[in-house]
Amino acid sequence: MSFERAITTEANVLAFAPVVQTTSDAVDLELLNAFEELQADDGSDLIVELIDLYLADAPQRIIAIREALAASEWVTLKRAAHNLKGSSGNLGVRLVAEICEKLEHLVGPEPMAGAGDLVQLLQSQFDRARETLAAQRRLRCE
Amino acid sequence: MRVIIAEDDAVSRRILETLLSKWGYEVTTTLDGEAAWNALQEPGAPSLAILDIMMPGVDGLELCRRVRLIPASVPPYLILLTANNAVSEIVKGIEAGADDYLTKPYDRDELRVRLQVGARIIELQTKLAERVQQLEAALSHVKQLEGILPICSYCKKIRNDLNSWETVETYVADHSEAEFSHGICPGCYETTVKPQLESLRMSPSAT
């Protein structure tokens, strides 16, 4: 079954979802913590800074994706998905990055068939990732 | 060496900036292609540039095309960042004027060594440009000596650009890197020096 067909029903959306079991699965913490080696000596925390940048930027991208979906502006949607994919991948927010990649590469005569389900999934996975990142941030700032 | 980053994604931009600073580069960041274009036109602009392909407004490809239209003795070394590793995408980037490309997500070590390649090429081009400048300066002197020089048929003085007459020796010294060591040729020795020496020997004071 193609991915496009798989996401056309709610049941199949759930079939895609089980790869995410817990909140901690939402973020590859090993990748995120690898930025430790780039820390500056000035007392600032690069990881906290990156989390803050991501959590400030990603919701805006998701809003842009939702608005583009509502307006059937596929180019805008794909561009926003592309951007979110990049920043998510960098910080180890892999499932969000994967969903963005699916959105970016949806093609066909009705290019956005299934896009609504994917955007819904994107929001829920981002919410999970946000919790994990916020928890990481709290830990680092203690 | 100075590097400019053009990346609209804040997270990616910050990571790049941190990496490059750690590797000893002097980093300038820009949020979009238009800002990068303005920065690259300034005198003393960065020699290395890392450009994201997909940016609002002026994208990475357009930026490469524009930069290549700027006449420069040392053109900047452009590295494109692309999320698409399809051959057609890479060809498009290189054709637009990029020197190199990296696909996202990139490996840090790969980025580091590719930047080193860029820095080496810039250093070579800089040395080459300096050499060309020196040669051009030398060539301009040679051209002056190649022109038609008005010379006196009798005393062999040359008329200079200020319309005054000067010796060949002075003129050549002023218009070239040549220096003179003084001696006597065999002909002059026979016709001038030898008679003078004989005349000295014959004079009463010599006895």
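FYI, side chains are in, hydrogens and waters are out, and symmetry mates aren't considered; it's all heavy atoms of this structure. Every chain is numbered from 1, with letters handed out A, B, ... down the list of sequences.
- Proximity to chain A is limited to the side chain of B/Thr18, based on heavy atoms less than 4.5 angstrom apart.
- The number of heavy-atom neighbours closer than 6.0 Å to CG of A/Asp41, taken from other residues, nucleotides and ligands shown, is 12 or below.
- With a 4.5 Å cut-off on non-hydrogen atoms, A/Asn83 touches chain B through its backbone and its side chain both.
- Within 6.0 Å of CD in B/Glu179 there are 12 or fewer heavy atoms belonging to other residues, nucleotides or ligands.
- Contact annotation: the side chain of B/Arg13 never approaches that of A/Leu53 to less than 4.5 Å [non-hydrogen atoms, C-beta and beyond].
- With rounding to the nearest 0.5 angstrom, the NE2 atom of A/His82 is 8.5 Å from the CD1 atom of B/Ile53.
- No side-chain heavy atom of A/Asn90 sits less than 4.5 Å from a side-chain heavy atom of B/Lys104.
- Between B/Val11 and A/Leu91, the closest side-chain pair of non-hydrogen atoms falls below 4.5 Å.
- Only the side chain of A/Leu46 has a heavy atom closer than 4.5 Å to any heavy atom of chain B.
- Atom OH of B/Tyr101 is surrounded by 12 or fewer heavy atoms from other residues, nucleotides or ligands within 6.0 Å.
- The neighbour count for A/Glu36 CD, taken as heavy atoms of other residues, nucleotides or ligands under 6.0 Å away, is above 12.
- Only the side chain of A/Glu49 has a heavy atom closer than 4.5 Å to any heavy atom of chain B.
- With a 4.5 Å cut-off on side-chain heavy atoms, B/Asp9 and A/Arg61 count as touching.
- Taking OG of A/Ser87 as the start and CD of B/Glu7 as the end, the distance is 9.0 Å to the nearest 0.5 Å.
- Residue B/Lys22 touches chain A through its side chain alone, counting heavy-atom pairs closer than 4.5 Å.
- Using a 4.5 Å cut-off between heavy atoms, B/Asp8 touches chain A through backbone and side chain atoms alike.
- In this structure, B/Glu190 places its CD atom where more than 12 heavy-atom neighbours from other residues, nucleotides or ligands lie under 6.0 Å away.
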